[in-house]
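Structure, as structure tokens:
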Amino acid sequence: MKIDAYLVPYFTEKDSYYEDYAFVMIDVLRASTSIASCLFNGAKEIIPCESIDKAVSLYSTLSKESRVLGGERNGTKPNGFDAGNSPNDYTAELVKGKTVIMATTNGTQLFLKFKQSKHKYICGFVNITSTANQLKKVIEENPNLKGIIVICAGTNGRFSYEDTICGGAVIDMITKDYTDYSTTDSAKLALSLFEQNKNNLEAFVLNSQHSKYLQSIGFEEDIKTALCLDKFPVPVHITGNSIKKAD
Ligand code: MLT
């Protein structure tokens with residue numbers, strides 16, 4: 001089994017290449033974290049959208065009682081939205097039983113990719129153990145699986161520390177139980193970033209570029225939430241156009 005990591009969301013293979021892989025999609029700050037928060041607090045599903053316009057138009061087709069509109073542009077809540085991209089916006093009071101339509105800058109774009117793949121999971125530190133356990137289940141149940149691809153959303157197409165270190169952490173958890181696997185150079189890099197900084201995670205992530213930007217616009221609390229290991233312990237998968245709690 002191959003363990004690969006895409007440290008930026010750039011894919012060169014034909015779609016058919018990806019069919020036999022399981023994906024772990026990561027946007028620690030903050031889409032993965034907010035989505036895990038939504039599902040932990042009882043949202044029925046999240047529908048990711050690539051643009052604000054698409055999100056607004058989909059939202060307008062749903063009944064008032066069943067919908068929530070969330071997301072960000074430049075980190076802040078767009079006009080008319082019910083919630084921004086802070087994990088703490090998605091309280092049970094707001095989302096329980098509802099469909100959350102979400103548009104964020106990098107995360108939701110990534111979550112819309114690889115529509116042909118059956119095994120796609122969204123991971124942050126807040127649901128990392130649940131994600132790793134779910135992947136182990138997928139590995140056991142699918143002997144023909146060629147491998148796991150960790151994909152980091154990054155920031156505007158660029159590498160980000162927080163996604164890569166979370167990728168390293170999930171690779172560490174998955175590989176502990178297996179001997180028959182190979183890791184690519186990028187997976188090794190993610191793993192070594194995690195190994196070097198695992199005892200100093202908060203200081204490391206607080207120093208990342210996107211984290212500094214979020215702090216500058218008043219979202220320091222979100223970074224702390226995003227770093228709480230297993231705070232929202234739900235495995236999150238993407239099925240068709242919808243993001244749901246995995247069984
Ligand atoms: C994104 O999807 O680009 C983000 O999660 C950005 C953010 O809100 O911090």
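Heads up: numbering here begins at 1 and tracks the sequence. All ligand and atom numbering here is 1-based and tracks the order in the structure. In what follows, every heavy atom counts, from backbone to side chain, and hydrogens, waters and symmetry copies are set aside.
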For a side chain to side chain contact (heavy atoms under 4.5 Å, CB included) with Ile122, tell me which candidate from Pro235, Ser32, Pro48 qualifies.
Ser32
Atom 4 (C) of ligand 1: which of Leu110, Asp27, Ile223 has the nearest heavy atom?
Asp27
Give the numbers and elements of all ligand 1 atoms closer than 4.0 Å to a heavy atom of His210.
6 (C), 7 (C), 9 (O)
Going by the angle between their ring planes, with limits at 30° and 60°, are Phe11 and Tyr18 parallel, tilted or perpendicular?
perpendicular
So for ligand 1, is Gly107 a polar contact partner (N or O within less than 3.5 Å, distance only)?
yes
About how many Å separate CD1 of Ile26 and OG1 of Thr164, when rounded to the nearest 0.5 Å?
8.0 Å
What do the steps show when you test Lys146 against Glu19 for side-chain contact (heavy atoms from CB on, under 4.5 Å), and what is the final call?
CA-CA 9 Å; Lys146 287 190 181 143; Glu19 270 168 28; over 6 Å; no
Numbered atoms and elements of ligand 1 in range of Leu214, under 4.0 angstrom, heavy atoms:
9 (O)
Go through ligand 1 atom by atom and flag the ones less than 4.0 Å from a non-hydrogen atom of Thr104.
1 (C), 2 (O)
Is the shortest distance from a heavy atom of Gln109 to ligand 1 less than 4.0 Å?
no
Angle between ring planes, Tyr121 versus His237, binned at 30° and 60°: parallel, tilted or perpendicular?
parallel
Of the backbone atoms (N, CA, C, O) and the side-chain heavy atoms from C-beta on, which set of Leu29 has a member under 4.0 Å from an atom of ligand 1: side chain, backbone, both, or neither?
backbone
Per-atom contacts, ligand 1 versus Thr105 - under 4.0 Å to a heavy atom
1 (C), 2 (O), 3 (O)
Any nitrogen or oxygen of Thr108, main chain or side chain, under 3.5 Å from a nitrogen or oxygen of ligand 1?
no
Heavy atom under 4.0 Å from ligand 1: found in Arg30's side chain, backbone, both, or neither?
both
Verify whether the ring centers belonging to Tyr21 and Phe114 lie closer than 6.0 Å.
no
Among residues two or more places apart or on two chains, list those pairs meeting side-chain hydrogen bond (donor to acceptor under 3.5 Å, both in side chains) that have a residue in residues 39-53.
Glu45-Thr99, Glu45-Ser242, Glu50-Lys54
